[in-house]
Number of protein chains: 2
Amino acid sequence: MKRSEPMSESYYYILLCLAKGANHGYGIMQMTEKLSGGDVTIGSGTMYGATSNMMKKGWIREIMSDEPGQERRRLYQLTDSGRTALRAEIKRLQRMLENAQGV
Amino acid sequence: MKRSEPMSESYYYILLCLAKGANHGYGIMQMTEKLSGGDVTIGSGTMYGATSNMMKKGWIREIMSDEPGQERRRLYQLTDSGRTALRAEIKRLQRMLENAQGV
DNA sequence: AAAAATATGTTGACAGCCGACATATGTCGT
DNA sequence: ACGACATATGTCGGCTGTCAACATATTTTT
């Protein structure tokens, strides 16, 4: 089992948002800002680079919306592989905090 | 109060090691590997780029060793500013994990 | 005497991240 | 009808960090 690569804060929040349900780029940006209490903002450059990258990695997939009139939105869904990556990242963060005991 | 920038895993472990006492580059590399159970390794390129960068930021300072025969080592010490940066990073990590509740 | 560990550093290339910019449609108040 | 703002997606350039590879020198172990 290969060591999991550290993930950026932006990538982490994107996966986190999608873990709570399928969403589109703009929706993820807003949800991240709300979730983090305004501390984390994801710019569109980060967002669309990230989705493209995560599609390649197989962490997310694009799905069709079942609601009408939402043609402008590109809906993304977390894959099993993406959920695994998110869990690994959570473990990494937990370990980092454990290592900080007594500081 | 400006939002604290995310810190890389390597930078975090370097500060963490120094928080437990002054140390030199090579010592930090070994301590990081041990501390993380072999999961995190810092290469020399990363190490010496990071120390140079952190000196500029004022997070660390170089001190003279009081032990004789250690002239080859460059000892680094965490500054108050560095400790503040580390605490801010720990807070950031804690918030990231809190936001992951229920995933 | 050779090999491995200690210790510090430079260089070059690559990937990722982000801010700024660009574009277009939809909505709401006046 | 108009302007302003929100929605929504995307491109581009620059900057930073990271790592492998290389370089050098000393000390310790076999």
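Chain letters run A, B, ... following the sequence lines, proteins first, then strands; residues in each count from 1.
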Q: List the steps and the verdict of side-chain contact (heavy atoms from CB on, under 4.5 Å) for Gln77(A) and Glu62(A).
A: CA-CA 6 Å; Gln77(A) 189 180 51; Glu62(A) 195 178 351; over 6 Å; no
Q: Would you kindly give the OH-to-C1' distance between Tyr26(A) and dC5(D), to the nearest whole Å?
A: 9 Å
Q: Does atom NZ (Lys20(B)) have a neighbourhood of more than 12 heavy atoms from anything else shown, all under 6.0 Å?
A: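 Count over threshold, so yes.
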Q: Below 4.0 angstrom from OP1 or OP2 of dC17(C), is there any side-chain N or O of Tyr11(A)?
A: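 Yes, Tyr11(A) has a side-chain N/O under 4.0 Å of OP1/OP2 on dC17(C).
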Q: For Met96(A), does its backbone N or O pair with a side-chain atom of Tyr12(B) as donor and acceptor, under 3.5 Å?
A: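 Yes.
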Q: Between C1' on dC18(C) and CD1 on Ile14(A), what's the gap in Å once rounded to a whole number?
A: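 In whole Å, dC18(C) C1' and Ile14(A) CD1 are 12 Å from each other.
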Q: Does Thr79(B) use its side chain to pair, donor to acceptor, with the backbone of Gly58(B) at less than 3.5 Å?
A: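 Pair found, side chain donor or acceptor close to backbone of Gly58(B).
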Q: 5'-most contact on DNA chain C: Gly27(B) or Met7(A), nearest heavy atom basis?
A: Gly27(B)
Q: Rounding to an integer number of Å, can you tell me how far Met31(B) CE sits from dA7(C) P?
A: 15 Å
Q: To the nearest 0.5 angstrom, please state how far the CE atom of Met31(A) sits from the CD1 atom of Ile42(A).
A: 11.0 Å
Q: Roughly how many Å is it from NE2 in His24(B) to P in dA5(C), rounded to a whole number?
A: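 It works out to 16 Å between those atoms.
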Q: To the side chain of Arg74(B), which of dG9(C), dT9(D), dG17(D) is closest?
A: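 So the nucleotide nearest the side chain must be dG9(C).
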Q: I want to check one thing: is the phosphate of dA5(C), taken as OP1 and OP2, less than 4.0 Å away from some side-chain N or O of Gln30(B)?
A: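 So the side chain of Gln30(B) is outside the cut-off, no N or O lying under 4.0 Å from OP1 or OP2 of dA5(C).
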Q: Please step through side-chain contact (heavy atoms from CB on, under 4.5 Å) for the pair Val40(B) and Arg95(A), ending with a clear verdict.
A: CA-CA 11 Å; Val40(B) 182; Arg95(A) 192 199 54 205; 3.5 Å; yes
Q: Taking the side chain of Met29(B) as heavy atoms from C-beta outward, which of dT8(C), dC17(C), dC19(D) is closest to it?
A: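 Per side-chain heavy atoms of Met29(B), the pick is dT8(C).
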Q: Rounded to whole angstroms, how far apart are CD on Glu89(B) and P on dG17(D)?
A: 13 Å
Q: Tell me which residues in residues 42-64 of chain A lie within less than 4.0 Å of DNA chain D, going by non-hydrogen atoms.
A: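 Result for residues 42-64 of chain A: Ser44(A), Gly45(A), Tyr48(A), sorted by number.
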Q: Rounding to a whole Å, what distance do you find between Glu9(A):CD and dC18(C):P?
A: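 Rounding to the nearest Å, CD of Glu9(A) and P of dC18(C) are 8 Å apart.
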Q: Can you measure from CD1 (Ile28(B)) to OG1 (Thr51(B)) and round to the nearest 0.5 angstrom?
A: 7.5 Å
Q: Is there a side-chain contact between Arg73(B) and the phosphate of dA7(C), meaning an N or O under 4.0 Å from OP1 or OP2?
A: yes
